[in-house]
Amino acid sequence: MAMWTWRFEKSDGSEVEPAVQPEEFTTQGDAESWIGEHWKDLRAGGADQVRLFEDTTEIYGPMRLHADDTAETAEAEA
């Protein structure tokens, strides 16, 4: 059975300990739901981005945990 796990990183790609300890997930959907619930705490705890793995295969990443600064700037100027 495949296990889905997250890797937590600084913006330079170095691994960091997550502020919230994840479990190992049995589906990609469960892993994505978990990150959706905890991304703000993870970001506040020092993680800038995450990568999703199925066993040892990287599925996607890095996915930034910070809002897009250009979108926030555009909204503020509008």
(request) Please write out which residues are connected to V50 in a hydrophobic cluster, directly or through intermediates, given that two of Ile, Leu, Val, Met, Phe, Trp, Tyr count as joined at side-chain heavy-atom separations below 4.5 angstrom. (result) W4, W6, F8, V16, V20, F25, W34, I35, W39, L42, L52, I59, Y60, M63, L65
(request) With sequence neighbours excluded, tell me which residues meet salt bridge (charged side-chain N to carboxylate O under 4.0 Å, His left out) with E23. (result) none
(message) I need the E54 CD to E58 CD distance, nearest 0.5 Å.
(response) 12.5 Å
(request) Give, for atom CD of Q49 and atom CZ of R7, the distance between the pair rounded to the nearest 0.5 Å. (result) 9.0 Å
(request) Would you check if there is a donor-acceptor pair between the side chains of D55 and T57 at a distance under 3.5 Å? (result) no
(request) Please report the shortest heavy-atom distance between A19 and G45, naming the atom on each side. (result) CB-CA, 3.7 Å
(message) Within the 4.5 Å heavy-atom criterion, are D48 and R64 side-chain neighbours or not?
(response) no
(request) Would you please say whether a donor-acceptor pair under 3.5 Å links the side chains of D30 and T27? (result) yes
(request) For R43, check salt bridge (charged side-chain N to carboxylate O under 4.0 Å, His left out) against everything at least two apart and list the hits. (result) none
(request) Calculate, to the nearest 0.5 Å, the distance between atoms CD and CD belonging to E9 and E15 respectively. (result) 7.0 Å
